[in-house]
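Following: one structure in structure tokens, then a few remarks.
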Amino acid sequence: MRIQLDFPAVLAEWPLLLTGVCWTIGLTAVATVIGLVVGVAFAWSRASGPAWLKLVVGSYVELIRNTPFIVQLFFIFFGLPAAGVKLTPETAAVIAMVINLSAYATEIIRSGIAATPPGQIEAAQSLAMGRMQIFTRVVLPPALAKVWTAMTGQIIIVMLGSAVCGQISVPELSYAANLIQSRNFRSFEASIVATLVYLVLAIVLRRLLNWAGPRLLFGR
Amino acid sequence: MVEFTLWDILRNLLIAAQWTVYLSLVAFVGGGIVGLLLLVLRLARGPVVRRCVAGYVQLFQGTPLLMQLFLSYFGLALFGIDTSPWVSAALALTLYSSAYLTDIWRGCVEAVPKGQWEASGSLALSFGEQLRHVILPQASRLAVAPTVGFLVQVVKGTALASVIGFVELTKAGSMISNATFRPFVVYACLALMYFALCFPISLCARALERKLNHAHRR
């Protein structure tokens with residue numbers, strides 16, 4: 001059997017691909033920012049919140065980390081409307097990604113917080129710093145710096161995971177690939193192109209996060 | 001109209017769950033074998049092979065599993081191989097796990113002190129003997145916990161096989177949801193069943209980590 005690949009047919013649909021890339025980047029950016037903020041808040045409550053809060057957040061983290069993203073997404077998009085919460089695919093996707101990332105971020109950041117030497121906190125207390133001040137100035141920045149590599153990896157996993165959102169017709173990259181193949185039947189080529197674009201996005205995103213982390217989050 | 005009780009939903013999900021388990025095992029064992037071969041290749045050969053293996057790992061870690069499944073599904077068809085979702089899913093997940101496992105195990109081998117290589121080399125052990133008697137026994141001890149932890153990733157990854165039409169837990173869930181018009185209950189059950197599969201493995205990985213780290217430190 002002769003195999004003929006026809007990439008020009010796929011690349012001719014570049015506006016679709018471009019829209020897809022923009023959606024993938026947009027979803028990832030929003031999920032990253034909100035997910036990190038929620039992750040920091042949850043990590044704080046797991047490290048030094050009241051006992052009941054530790055239990056609640058701990059269960060949340062375990063529940064999310066031990067179920068597939070696609071099931072979380074389907075539960076939010078298909079399941080919640082039955083309970084009276086109607087969401088657009090885009091909102092559902094953002095919520096699912098935030099929930100997913102925040103659970104992993106909580107665990108990652110918590111491990112960074114746990115590695116803070118007690119002497120640093122005692123020193124800060126002796127300078128009469130408040131609890132909140134100690135957390136945001138003394139504990140958090142070095143904790144983030146320590147775990148930033150793991151965090152970067154997780155953000156990339158969430159970006160790649162967003163491919164699943166095409167299944168609820170969010171117009172992101174994998175959805176664009178599906179749309180293209182339904183137009184010209186070049187399914188293999190469309191998948192290859194989309195996969196390569198994801199690869200480039202992942203590499204660029206890693207560079208970007210490695211650059212942005214030290215400059216914006218834990219100044220160096 | 002047929003009424004579906006909660007028990008009907010659960011029973012059908014349980015039947016489908018066995019396919020999730022089978023697919024996970026195939027992917028995990030297959031990925032382990034391919035991963036080990038790649039690891040040995042990487043250790044035995046020069047920088048060119050090392051870079052190729054690194055590229056392979058980068059390729060699978062830098063692209064969505066969903067797209068890998070699509071590529072396997074459409075790619076096999078293009079090569080004239082009959083694409084049952086079962087074969088495509090098993091292939092894609094095996095390659096996916098092999099890339100991750102190679103990378104995990106590479107870290108473990110690198111954690112074995114370099115002196116062990118040199119000492120065993122100076123005893124005139126061949127490369128194979130060094131690996132078998134000195135390096136791998138020590139590395140495998142380090143590798144147990146993260147390897148078990150990765151099994152959770154594999155189980156969760158099999159959920160994506162539903163997209164190319166493999167009837168496992170997630171696919172069964174959406175089919176049952178369509179039949180019963182009770183998506184909230186069905187997807188909640190679905191999540192709980194994945195949790196029931198994955199949480200014990202997570203706990204096990206964590207316990208192993210604690211135990212082996214403790215032994216390691218002493």
Side-chain angles (χ1 to χ4, degrees), chain A residues 1-5 24 62-85 153 156-157 159-167 172-174 177-178 181 185-206, chain B residues 20 55 58-81 149 152-153 155-163 168-171 173-174 177-178 181-203 206:
Chain A
M1 185 191 156
R2 273 177 60 85
I3 297 164
Q4 285 177 326
L5 295 177
T24 297
E62 290 302 335
L63 187 66
I64 300 303
R65 279 169 27 116
N66 286 296
T67 48
F69 176 64
I70 189 172
V71 173
Q72 295 159 11
L73 184 70
F74 283 1
F75 178 77
I76 290 170
F77 185 64
F78 296 121
L80 286 187
V85 187
I156 289 171
I157 290 175
M159 187 272 283
L160 299 175
S162 74
V164 177
C165 300
Q167 296 302 311
E172 47 76 58
L173 186 49
S174 77
N178 274 327
Q181 61 155 315
F185 304 109
R186 292 292 170 186
S187 19
F188 191 54
E189 294 89 326
S191 300
I192 289 182
V193 170
T195 307
L196 290 180
V197 175
Y198 273 114
L199 187 60
V200 172
L201 281 180
I203 293 168
V204 172
L205 185 56
R206 185 179 299 279
Chain B
T20 290
Q58 166 81 283
L59 184 66
F60 283 93
Q61 291 189 344
T63 58
L65 178 57
L66 186 71
M67 299 313 286
Q68 295 164 22
L69 280 159
F70 279 141
L71 282 178
S72 147
Y73 190 60
F74 298 128
L76 284 178
L78 213 60
F79 285 98
I81 300 166
V152 175
Q153 297 292 107
V155 174
K156 289 191 294 178
T158 60
L160 292 181
S162 62
V163 175
E168 38 64 76
L169 200 43
T170 306
K171 183 78 185 166
S174 37
S177 158
N178 289 341
F181 300 112
R182 291 169 69 186
F184 187 81
V185 178
V186 173
Y187 285 113
C189 289
L190 196 55
L192 287 180
M193 289 184 84
Y194 273 107
F195 184 74
L197 276 175
C198 293
F199 189 54
I201 308 175
S202 293
L203 284 182
R206 218 168 302 159

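First the proteins, then the strands, lettered A, B, ... as listed; each starts at 1. Values below: all heavy atoms of this structure, side chains included; hydrogens, waters and symmetry mates excluded.
- In terms of heavy-atom pairs under 4.5 Å with chain A, the best-connected choice from Val163(B), Leu65(B), Leu190(B), Val152(B) is Val163(B).
- When heavy atoms are compared at a cutoff of 4.5 Å, Gln167(A) approaches chain B solely by way of its side chain, counted from C-beta outward.
- Of the two parts of Leu66(B), only the side chain, counted from C-beta on, holds a non-hydrogen atom closer than 4.5 Å to a non-hydrogen atom of chain A.
- Between chain A and the residues Phe70(B), Phe195(B), Tyr187(B), the largest count of heavy-atom pairs under 4.5 Å involves Tyr187(B).
- Atom OG1 of Thr24(A) sits about 5.0 Å away from atom CG of Leu173(A), to the nearest 0.5 Å.
- For Leu63(A), the parts sitting under 4.5 Å from any heavy atom of chain B are the backbone and the side chain alike.
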Practice item. Go through the steps for Leu205(A) and Met159(A) under the test side-chain contact (heavy atoms from CB on, under 4.5 Å), then give the verdict. Key: CA-CA 9 Å; Leu205(A) 185 56; Met159(A) 187 272 283; 4.0 Å; yes
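- Of all the listed residues (Ala163(A), Pro81(A), Ser187(A)), the one sharing the greatest number of non-hydrogen pairs under 4.5 Å with chain B is Ser187(A).
- Contacts with chain A were tallied for Ser174(B), Ala196(B), Ser177(B), Ser202(B); Ser202(B) has the most, counting heavy-atom pairs under 4.5 Å.
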**Study point:** Working for side-chain contact (heavy atoms from CB on, under 4.5 Å), residues Val200(A) and Leu196(A)
**Key:** CA-CA 6 Å; Val200(A) 172; Leu196(A) 290 180; 5.6 Å; no
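- With values rounded to the nearest 0.5 angstrom, Thr67(A) atom OG1 is found 10.5 Å from Glu62(A) atom CD.
- Contact tally against chain B (heavy-atom pairs below 4.5 Å) for Phe69(A), Phe78(A), Tyr198(A), Phe188(A): the top residue is Phe188(A).
- Only the side chain of Gln181(A) comes within less than 4.5 Å of a heavy atom in chain B; its backbone stays farther off.
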Check your understanding: side-chain contact (heavy atoms from CB on, under 4.5 Å) between Ile203(A) and Gln58(B): does it pass, once the steps are laid out?
Key -> CA-CA 9 Å; Ile203(A) 293 168; Gln58(B) 166 81 283; 4.1 Å; yes
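- Ring centers of Phe75(A) and Phe184(B): under 6.0 Å apart, within the cut-off.
- For the residue pair Thr170(B) and Tyr194(B), a side-chain donor N or O sits within less than 3.5 Å of a side-chain acceptor on the partner.
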